[in-house]
Amino acid sequence: MDETTIASHIAVFASHAHVWGLLIIFVFMTIESSFIPFPSEVVMIPAGFLAARGEMTTGIVWMDCVLAVIVGTMGSLAGAYINYYLALWIGRKFLYTYGKYFFLKPETLERAEEIFRKYGDMATFVCRLLPAIRQLISIPAGLAKMDFKRFTFFTGIGAGIWIVILTAVGAWLGHASRDMDYVELVNCGKKMITSHYGWIIAGLVVVCGGYWLLQKLVMKSEKSRD
C-alpha cells in the first residue's frame with residue numbers, strides 16, 4: 001500500500017482530530033516506529049497543518065503544535081521499544097528465519113545490523129532522520145543489548161527532531177496555503193522536505209561531529225586525571 005492510499009484512508013480519522021487528534025497521533029506514530037512499514041509524513045505533516053488552523057485538541061496553535069510533537073515522540077518511542085524488546089526476546093535466528101513474514105527481510109536486517117555495528121549508539125540517533133532505515137535501527141540495538149537509557153535518549157532525540165521538522169512543515173502550510181485535501185497536503189509537505197534534505201544531512205554531520213569531539217575531550221580529560 002503506497003503513501004497516497006494510506007493518506008486517503010487516514011483522512012477519515014483526521015476529521016475527528018479536534019477530539020481524538022492526540023490519540024490518533026500516538027497510535028499511528030507507534031505503528032510507524034515499529035517494524036510495520038508506515039510513513040510518518042502522513043501523520044505529522046497533517047497534525048501540524050490542523051494545529052495551525054486551530055482544528056486540533058485545544059484550538060491554541062502553539063499549544064497544539066507542542067502537544068503534537070510530544071505525543072508524536074512518545075509514540076515513536078513506544079514503537080521503538082516494541083522493536084527493541086522484540087529483538088531482545090526472540091533473537092537474531094528467529095528474526096532472520098521468520099522476519100520475512102512480518103515485513104522484515106533478511107537483507108534489510110543485515111543492513112541495519114551493519115550500520116549499527118559501524119556507528120554504534122549514534123546510529124539510533126542518526127538513522128531516525130534517514131528514510132528506509134528509520135524504524136528498523138532499533139532492532140539491532142535490541143540484538144546488541146544496547147543500554148536501555150542510552151537507547152531511549154538517542155532514539156528520543158532523533159525521533160523528536162524528525163517530528164519537529166514534519167510538524168513545522170505542516171504548520172507552515174497551514175499558515176501559508178489555501179485549503180488542501182489530505183493527499184495533496186502530504187505530497188506538498190514531502191516535496192518541501194525533500195528539497196531541503198541537504199540541510200538536514202548537514203545538521204546531522206555537525207551534531208555527530210560535535211558529539212565525537214566532545215567524547216574525545218572527555219576521554220582525554222579522564223586519561224589526564226589517571
Side-chain angles (χ1 to χ4, degrees), residues 1-4 6-7 25 28-45 47-48 68-69 72-84 86-87 95 99 102-144 146 150-170 186-213 215:
M1 186 180 294
D2 60 27
E3 290 186 12
T4 300
I6 293 172
I25 290 171
F28 281 114
M29 288 306 292
T30 298
I31 295 172
E32 183 274 339
S33 192
S34 70
F35 56 86
I36 301 173
F38 191 90
S40 54
E41 291 87 347
V42 304
V43 180
M44 297 311 307
I45 292 176
V69 168
T73 303
M74 289 172 61
S76 291
L77 279 172
Y81 290 158
I82 291 172
N83 283 358
Y84 179 91
L86 183 71
L95 284 172
F102 303 96
F103 312 108
L104 298 172
K105 296 179 180 179
E107 56 270 26
T108 305
L109 289 171
E110 186 175 351
R111 178 56 178 160
E113 281 207 274
E114 180 184 348
I115 292 173
F116 186 82
R117 284 194 298 268
K118 186 173 182 179
Y119 298 104
D121 291 1
M122 280 296 290
T124 57
F125 162 69
V126 174
C127 289
R128 279 282 155 180
L129 296 163
L130 301 177
I133 199 68
R134 181 178 301 125
Q135 301 92 335
L136 298 182
I137 197 62
S138 50
I139 292 178
L143 291 174
M146 178 181 173
R150 290 177 65 81
F151 173 76
T152 297
F153 175 77
F154 284 116
T155 301
I157 294 296
I161 291 173
W162 179 242
I163 287 168
V164 166
I165 291 171
L166 295 180
T167 305
V169 167
V186 171
N187 288 335
C188 185
K190 284 188 63 181
K191 287 179 182 177
M192 284 183 61
I193 293 171
T194 301
S195 65
H196 294 87
Y197 217 86
W199 292 106
I200 297 174
I201 299 300
L204 279 176
V205 171
V206 171
V207 171
C208 292
Y211 177 79
W212 177 83
L213 181 60
Q215 274 197 323

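From a predicted model like this one, the values you see are computed outputs, not experimental measurements.
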If you define the side chain from C-beta out and look only at heavy atoms, does anything of Phe116 sit under 4.5 Å from Thr124?
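Yes. Closest side-chain heavy atoms under 4.5 Å.
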With side chains defined as the heavy atoms from C-beta onward, is the minimum distance between Ser40 and Arg134 less than 4.5 Å?
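SC-SC contact between Ser40 and Arg134 confirmed.
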Quick one: list whatever passes side chain to side chain contact (heavy atoms under 4.5 Å, CB included) with [X], sequence neighbours left out.
X	value
Leu77	Tyr81, Thr152, Thr155
Thr73	Val69, Ile163
Tyr119	Ile115, Ala123
Leu95	Ala87, Ile90, Leu104, Leu109, Ile139, Leu143

Check: Ser34 side chain, Gly79 main-chain N or O, donor-acceptor pair, under 3.5 Å:
no
Is it the case that the side chain of Asn83 and the backbone of Gln135 share a donor-acceptor pair, with hydrogens and angles ignored and the cut-off at 3.5 Å?
yes
Considering residues at least two apart in sequence or located in another chain, which fulfil the ring pair (Phe, Tyr, Trp, His ring centres under 6.0 Å) criterion with Phe151?
Tyr84
Among all residues two or more places apart in sequence or in another chain, which pass the side chain to side chain donor-acceptor pair (under 3.5 Å) test with [X]?
X	value
Arg117	none
Ser76	none
Ser33	Arg128

Partner set under salt bridge (charged side-chain N to carboxylate O under 4.0 Å, His left out) for Glu110, not counting sequence neighbours:
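Applying salt bridge (charged side-chain N to carboxylate O under 4.0 Å, His left out) to Glu110 gives none.
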Yes or no on side-chain contact (heavy atoms from CB on, under 4.5 Å) for Phe38 and Val43, after CA distance, side-chain angles and deciding distance?
CA-CA 10 Å; Phe38 191 90; Val43 180; 3.7 Å; yes
